[in-house]
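Structure record follows, encoded as structure tokens.
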Amino acid sequence: IASAVKSIGGGFEHNLERTTKYLLVGHVGTSKHRKAIEKNLEWGIICLRPEWVFECVAQRSVVDARPFAVLPFTGLTISVTQLHVDSPVERNALQDLLTSHGAVFSPNLVKHVCTHLIGVRPEGSKYKRARQWGTITICSKAWIDKCVSQGSWVPEEDFPLVQGGA
């Protein structure tokens with residue numbers, strides 16, 4: 001990516017600085033992405049998917065960044081449990097919601113593939129496996145709703161699964 005940026009006359013830095021104009025985000029929620037969101041009003045950083053750079057190279061000019069905006073679930077693979085999306089219509093609607101906001105939907109919880117498990121209560125086989133593996137972020141569906149309503153990723157820490165959740 002660095003060589004692609006430089007090939008069209010751009011500068012590339014590994015660190016996020018006050019002078020950073022664009023942050024290329026392959027996966028929301030990283031420390032750089034969190035800092036960019038935190039500093040956005042002050043610094044005016046625009047978060048984009050890396051594909052934007054390659055389109056600029058292909059067009060040999062800076063192209064409109066809007067189609068390459070980072071979506072709330074960019075780079076995430078999400079599985080769900082206990083959401084009572086029993087009908088194919090409900091399951092498809094949830095899958096469409098997630099994918100239209102940048103996620104890959106996984107009906108199965110797959111170690112080293114899934115990044116998130118969304119559920120209702122801290123119980124069940126998927127929940128137990130996600131906890132045992134320790135590599136999957138577990139949160140409530142309220143997190144999905146908040147990300148979608150804000151149009152951007154929000155920290156998962158505020159959306160834990162709690163006993164008796166709904």
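None of the values given here were measured: they were computed from a predicted structure.
Taking OG of S152 as the start and CG of L71 as the end, the distance is 10.5 Å to the nearest 0.5 Å. Distance CG/D145 to CD/Q150: 12.0 Å, rounded to 0.5 Å. In this structure, CZ in F105 is found 14.0 Å from CG in L76, a value given to the nearest 0.5 Å. Atom SG of C114 and atom CD1 of I138 lie 11.5 Å apart (nearest 0.5 Å). Note: T19 OG1 to K21 NZ = 10.0 Å, rounded to the nearest 0.5 Å. One finds the CG atom of N15 at 8.5 Å from the OG1 atom of T20 (value rounded to the nearest 0.5 Å).
The nearest pair of heavy atoms linking K126 to V80 is NZ-O, 2.7 Å. Residues R129 and L109 approach most closely at NH1-O, 3.9 Å, considering heavy atoms. Taking both residues in full, the closest heavy atoms of E157 and P155 are given as OE1-CB, 3.0 Å, listed atom of the first, atom of the second, then distance. Closest approach of S79 to S106, counting heavy atoms only: OG-O, 3.0 Å. In this structure, K111 and W133 approach most closely via the heavy-atom pair N-CZ3, 3.5 Å. When all heavy atoms are compared, the tightest approach of K32 to L16 is O-CD2, 3.4 Å.
In this structure the side chain of I1 reaches within 4.5 angstrom of the side chain of L24, judged on heavy atoms. When side chains are defined from C-beta on, F73 does not count as touching T99, because their heavy atoms never get closer than 4.5 Å. At a threshold of 4.5 Å between non-hydrogen side-chain atoms, the residues V104 and I78 do not count as touching. Considering only heavy atoms from C-beta on, T30 stays 4.5 Å or farther from V25 through its side chain. Taking the side chain as every heavy atom from C-beta outward, E123 and Q82 approach each other to under 4.5 Å. The shortest distance between side-chain heavy atoms of L161 and V120 does not fall below 4.5 Å.
Put simply, the side chain of T115 gets close to the backbone of T77: a donor and an acceptor are under 3.5 Å apart. D64 places a side-chain N or O within donor-acceptor distance of the main-chain N or O of R66, the cut-off being under 3.5 Å. Judged by distance alone, with hydrogens and angles left aside, the side-chain atoms of T74 form no donor-acceptor pair with the main-chain N or O of V70 at under 3.5 Å.
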Taking distance alone, no hydrogens or angles, what donor-acceptor pairs closer than 3.5 Å link side-chain atoms of residues 40-60 to residues at least two apart or in another chain?
residue, atom, partner, partner atom, Å
N40, OD1, I45, N, 3.3
E42, OE2, R18, NH2, 2.7
R49, NH1, A69, O, 2.8
R49, NH2, P67, O, 3.4
W52, NE1, V63, O, 3.0
E55, OE2, Q59, NE2, 3.0

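Grouping the Ile, Leu, Val, Met, Phe, Trp and Tyr side chains by contacts below 4.5 angstrom, directly or via other members, places W153 with L94.
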| message | side chain to side chain contact (heavy atoms under 4.5 Å, CB included) for K6 and S3? Distances and angles first, verdict last. | response | CA-CA 5 Å; K6 290 175 183 176; S3 62; 5.7 Å; no
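With sequence neighbours excluded, the residues forming a ring pair (Phe, Tyr, Trp, His ring centres under 6.0 Å) with F12 are H14, listed by chain and number.
Note: H116 and W143 meet the aromatic proximity criterion, with ring centroids under 6.0 Å apart.
For the pair R34 and E156, the salt-bridge criterion is met [side-chain N within less than 4.0 Å of a carboxylate O].
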